[in-house]
Amino acid sequence: MKSIRTTCAYCGVGCGIAATVTGERAVSIAGDPDHPANEGQLCSKGTYLGETVGLEGRLLDPMIGERETEWNEALDLVAKRLKDTVEQHGPDSVAFYLSGQLLTEDYYVANKLAKGFIGTANVDTNSRLCMASAVAAHVRAFGEDVVPCTYDDLDSADLIILVGSNTAWCHPIVWRRIERARERRGAKLVVIDPRRTETAELADLHVQIAPDGDVPLFNALLRTMKHSGYVDEKYLRARCSVPEGFWDQLEDQPGIPQETFREFAAMVATNPRMVTLFSQGANQSAGGTDKGNAIINLHLSLGRINREGMGPFSITGQPNAMGGREVGGLSNMLACHLGFSEAERTDVARFWQAPALCSGPGLKAVDLFRAIDEGRIKFVWIMATNPAVSMPDAAFVREALRKCPTVVVSDVIADTDTALLADIRLPALGWGEKDGTVTNSERCISRQRALFPPPGSVRADWQIVCDVAARLGFGSAFAFQSTAEVFREYAAMTALAGEHGKLLDLTDWADCSEFEYAAMRPFRWGGAHPLKRRYPTPYGKARLVSVSSTPPAPAQPALPLRLNTGRYRDHWHTMTRTALSAKLSMHRREALVEVHPEDGATYGLEQSGLARVATARGEAIYRVSLTEAQRQGEIFVPMHWSDLTASSARTGLLVEPIVDPHSGQPAFKNVAASIAPVHPDWRAFLVTRDPVRPEADYWSRAKINGGWLHEIAGSGELDADALLPAGPRREASDPKRGMLRLVVTDRDGGLAAALYVTRNGQLPDRDWIVRQFAAPDAGTTELLAGRPAAAPAERGNLVCVCFDVGECDIMKALEEGAETVKDVSSATRAGTNCGSCRTIIAGMLKRKKQSSLEPVS
Ligand SMILES: Nc1nc2c(c(=O)[nH]1)N[C@H]1C(S)=C(S)[C@@H](COP(=O)(O)OP(=O)(O)OC[C@H]3O[C@@H](n4cnc5c(=O)[nH]c(N)nc54)[C@H](O)[C@@H]3O)O[C@H]1N2
Ligand SMILES: Nc1nc2c(c(=O)[nH]1)N[C@H]1C(S)=C(S)[C@@H](COP(=O)(O)OP(=O)(O)OC[C@H]3O[C@@H](n4cnc5c(=O)[nH]c(N)nc54)[C@H](O)[C@@H]3O)O[C@H]1N2
Ligand code: SF4
Ligand SMILES: [Mo]
């Protein structure tokens with residue numbers, strides 16, 4: 001069997017994969033040892049991609065409303081609605097909402113159709129929620145959206161600073177590179193994050209700032225560097241322009257304890273080889289662009305940029321967020337790093353032979369959905385993103401889409417929260433079927449390749465756009481026969497970027513053959529340090545930008561807490577794909593609200609109870625996790641659950657649509673909120689072969705091997721019959737204690753479902769029941785008892801998903817003398833496959849060492 005080299009479907013690390021197709025929809029996944037991004041390693045999400053390539057839940061045919069149809073009818077309707085809308089209301093009444101999960105070729109044709117042929121610049125993307133502030137900071141400082149370093153710089157850095165990045169969970173292979181630099185050359189790690197994440201826990205210094213405390217911290221740091229003579233005055237004079245009064249406006253209050261600040265400043269002073277990696281804790285803020293520039297100001301002032309082991313490094317979220325930025329698929333860019341000046345517009349119009357080039361910037365995501373709500377946009381085409389879950393004020397977004405006369409959704413999944421609001425659904429090729437290029441965080445372009453033939457009548461996103469373009473009469477400009485042809489045209493177009501002084505340049509690929517494109521190996525544009533020779537600003541100099549901290553929002557007594565939102569290690573965004581994997585669902589089976597124990601006491605919350613989080617926009621219910629990883633007054637919830645996976649944990653609807661003034665990026669990480677306990681009459685969990693939607697105040701479901709696990713809670717009576725499949729049943733109950741247990745078997749006597757309900761007692765160990773569901777070794781009597789006849793060995797929390805290793809096994813290995821993660825791995829196998837649990841093990845080791853140092857009182 002032949003192995004096919006492709007790129008991971010998930011994060012912006014952009015790991016290479018060697019995939020071997022083993023059956024009709026089956027594939028074995030390994031890391032590509034020759035890919036520069038990962039050198040053969042993969043994290044849990046990449047490792048378990050194989051669990052998500054089945055056809056479960058797929059959209060396989062075009063749908064008009066709830067009716068399946070043929071492509072011709074669906075495409076004719078899309079084209080007719082588009083044409084009518086433009087004729088009646090003008091091109092600006094049409095919008096495209098794209099995604100960093102499209103391939104570069106998809107992005108290019110959608111952008112070309114909208115901006116050049118329909119004549120609307122209302123082409124925005126979920127990158128607005130993700131990378132827009134970094135883009136704006138790059139443009140302000142460098143004159144172009146260019147990331148000035150690469151992963152190699154992490155290998156040769158002596159100091160790595162992570163700002164608002166939970167790297168161990170969200171960019172795990174970059175994290176391993178950081179670990180390697182620490183092991184090999186003793187690089188120091190500083191993590192700046194209000195939460196003590198797994199990443200922060202393993203740092204040499206965790207700077208636990210207040211939410212949005214980044215600008216004062218970086219300004220105070222720069223001020224200190226200036227006063228102690230570390231600023232590279234020569235570099236500043238030669239390469240940078242410094243605005244008047246720049247040094248005077250730098251704060252002297254870092255907003256953190258003096259001792260921590262001194263330690264941090266000393267590390268910065270003594271380690272010229274310094275990389276500052278920043279992610280959503282920086283970008284997703286009302287002051288996100290200023291945060292980016294505060295970081296870049298420091299690097300420019302110290303001359304720590306464009307050299308090995310140095311630089312401000314914005315890390316991208318999605319697999320092709322960068323490719324989308326490059327083709328120009330944002331509403332405030334035209335194409336290929338070009339803007340809307342007369343000269344740029346003229347050149348783009350000529351290159352595309354565009355009949356209706358848009359005249360200026362279009363609407364950014366939050367404004368775009370407002371325009372839909374107000375009826376100014378009457379046709380929207382959403383591709384590869386799920387805004388009904390992921391946008392701020394998601395309830396409003398959903399209402400806006402309900403009102404919109406035409407909503408077209410291209411997705412791989414039939415029923416996403418957004419697809420359910422579509423008038424027309426178009427089935428797109430997904431990972432493993434589609435073919436094209438992506439660009440990762442370090443400007444490395446690599447191929448995603450098809451592993452399987454298209455299922456059903458499904459088509460590639462770029463093909464669907466071309467099919468519609470042809471029906472609008474633009475056939476000749478969209479007559480692409482292959483992704484190679486699209487890529488060639490795009491590569492040729494980057495010549496315009498060069499003519500306008502930009503660095504983006506793929507012209508070497510402008511006449512590549514089909515064969516060369518098919519055989520493309522990962523390559524990087526701009527080299528290791530593209531800004532080394534020249535900054536692409538009018539005078540060739542980088543710009544320091546005066547930034548000051550935004551004043552905190554006025555206190556709202558009814559909403560005393562700050563709500564922070566983000567990600568879990570093994571889930572991807574709105575879980576349309578990772579929720580299909582039992583392995584990936586194991587790490588966190590429910591959405592938790594993480595709360596400091598003192599706050600828990602103040603608000604009457606119980607560990608593992610339920611709580612309602614409310615903001616000015618809406619409310620949602622989560623399982624409570626009391627943890628000192630949170631600062632007092634701040635709570636954290638994940639962004640992943642939707643109305644398809646839980647009753648009411650759609651975090652997006654809590655977030656206010658407040659945006660950064662420069663980038664338009666929403667502030668997902670600092671929302672005024674309140675919390676209160678929810679006291680259901682009964683709690684239950686249910687395992688079934690097929691997913692169910694319980695009628696209950698609270699439910700949440702997760703995939704397990706062979707079925708689904710549902711956590712349920714409610715008041716009044718539970719209607720057990722509505723939840724359970726037909727089949728022979730055994731029941732155990734104790735009405736006095738409010739206990740009910742039901743086990744349903746199928747025709748062959750196998751376990752079909754089990755329900756455990758309690759009003760005031762304990763529920764049995766889920767993990768044991770879940771294991772019975774996949775590989776039963778228990779009879780109905782034991783299942784009713786909720787435990788095996790002989791007491792099982794104590795396991796503690798599951799640590800290693802791959803080899804099913806629990807906390808207790810790890811503790812045992814530590815007791816027996818394991819001193820490193822490697823020792824633990826060889827004793828237990830934990831961490832030897834996908835490696836995602838190695839941070840947990842490292843944390844346990846660190847705590848064990850600390851506790852053995854503390855005197856016993
Ligand atoms: N497992 C997993 N990995 C992913 C994704 C996923 O869904 N799941 N998504 C991908 C995508 S698209 C993205 S954009 C990235 C995101 O990757 P990250 O940005 O690393 O992830 P987040 O959890 O959104 O936020 C990071 C951290 O910012 C902190 N933070 C909040 N407010 C502040 C602040 O004011 N200042 C500072 N300094 N920090 C703050 C949060 O506490 C959080 O720990 O992950 C990518 N990788
Ligand atoms: N509360 C909160 N909200 C957030 C964030 C946060 O930190 N907190 N982070 C924001 C960030 S950084 C991001 S990037 C967004 C992500 O938010 P979304 O983009 O909305 O999340 P996904 O679940 O990745 O949605 C991708 C959709 O595309 C489909 N899909 C996958 N592959 C393909 C394909 O090849 N073609 C087509 N047509 N469809 C495909 C999937 O089934 C899915 O429905 O969320 C943002 N929202
Ligand atoms: S770090 Fe993990 S999710 Fe990201 S690209 Fe690599 S394997 Fe995929
Ligand atoms: Mo993102």
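Sequential numbering from 1 along the given sequence is applied to the chain's residues. Order of listing sets the numbers, starting from 1, for every ligand and every atom in it.
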When you measure from the centre of the six-membered ring of [Y], is the NZ or CZ of [X] closer than 6.0 Å and no more than 45° off the axis?
X	Y	value
Arg25	Phe452	yes
Arg177	Tyr151	no
Arg577	Trp431	no

Let me see the working for Asp212 and Lys291 under side-chain contact (heavy atoms from CB on, under 4.5 Å), right down to the final yes or no.
-> CA-CA 9 Å; Asp212 286 332; Lys291 290 190 191 186; 2.7 Å; yes
If we only count heavy atoms from C-beta on, is the Leu221 to Leu217 side-chain gap below 4.5 Å?
->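 Contact flag for Leu221/Leu217 side chains = no.
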When rounded to the nearest 0.5 angstrom, what is the spacing between OG in Ser99 and CZ in Arg128?
->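 Taking OG in Ser99 and CZ in Arg128, the distance rounds to 14.0 Å.
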Rounded distance [0.5 Å steps], NE2 in His206 versus CD1 in Ile209 |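 Interatomic distance, His206 NE2 to Ile209 CD1, rounded to 0.5 Å: 8.5 Å.
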What protein N, O or S atoms come within a distance below 2.8 Å of atom 2 (Fe) of ligand 3, ordered by chain and number?
->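 The answer is Cys43 SG.
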Judged by atom type as modelled, is there a donor-acceptor pair below 3.5 Å linking the side chain of Asn440 to the main-chain atoms of Val13?
->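 At least one qualifying donor-acceptor pair exists.
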Look only at the side chain of Trp71 and the backbone of Ser457, and say whether a donor-acceptor pair between them is shorter than 3.5 Å.
->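 Answer holds: yes.
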Distance-only donor-acceptor check, side chains [X] and [Y], under 3.5 Å:
X	Y	result
Asp660	Ser133	no
Trp641	Thr651	no
Glu251	Ser548	no
Ser446	His35	yes

Any Thr416 heavy atom less than 4.0 Å from ligand 2 =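 Contact present.
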Give the atom numbers and elements of ligand 2 that come within less than 4.0 Å of a heavy atom of [X].
X	result
Lys434	34 (C), 35 (O)
Thr651	1 (N)
Ala428	36 (N), 37 (C), 38 (N)
Leu429	34 (C), 35 (O), 36 (N)
Ile413	42 (O)
Asp461	34 (C), 35 (O), 36 (N), 37 (C), 38 (N)

Output the set of protein residues with a heavy-atom contact under 4.0 Å to ligand 1, ordered first by chain identifier and then by residue number.
->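 Contacting ligand 1 under 4.0 Å are Cys11, Lys45, Cys130, Val163, Gly164, Ser165, Asn166, Trp169, Cys170, His171, Ile192, Asp193, Pro194, Arg195, Thr197, Ile209, Pro211, Asp212, Asp214, Ser279, Gln280, Gly281, Lys291, Gly317, Gln318, Asn564, Gly566, Arg567, Tyr568, Arg569, His571, Trp572, His573, His640, Lys669.
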Report the part of Thr385 in contact with ligand 2, treating N, CA, C, O as backbone and CB onward as side chain, heavy atoms under 4.0 Å; options are side chain, backbone, both, neither.
->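 Contact part for Thr385 vs ligand 2: both backbone and side chain.
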Hey, are Arg588 and Glu594 close enough for a salt bridge, meaning a charged N less than 4.0 Å from a carboxylate O?
->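 A salt bridge links Arg588 with Glu594.
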So, are Arg838 and Glu198 salt-bridged, with charged N and O less than 4.0 Å apart?
->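 Salt bridge absent between Arg838 and Glu198.
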Atom indices of ligand 3 within 4.0 angstrom of Gly14 heavy atoms, with elements =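 Once the distances to Gly14 are compared, the set is 5 (S).
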Does the N or O separation between Trp431 and ligand 2 drop below 3.5 Å for any pair?
->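 No.
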Heteroatom proximity flag, Val655 to ligand 2, N/O under 3.5 Å =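 Between Val655 and ligand 2 (N or O atoms, distance only) the closest approach is not under 3.5 Å.
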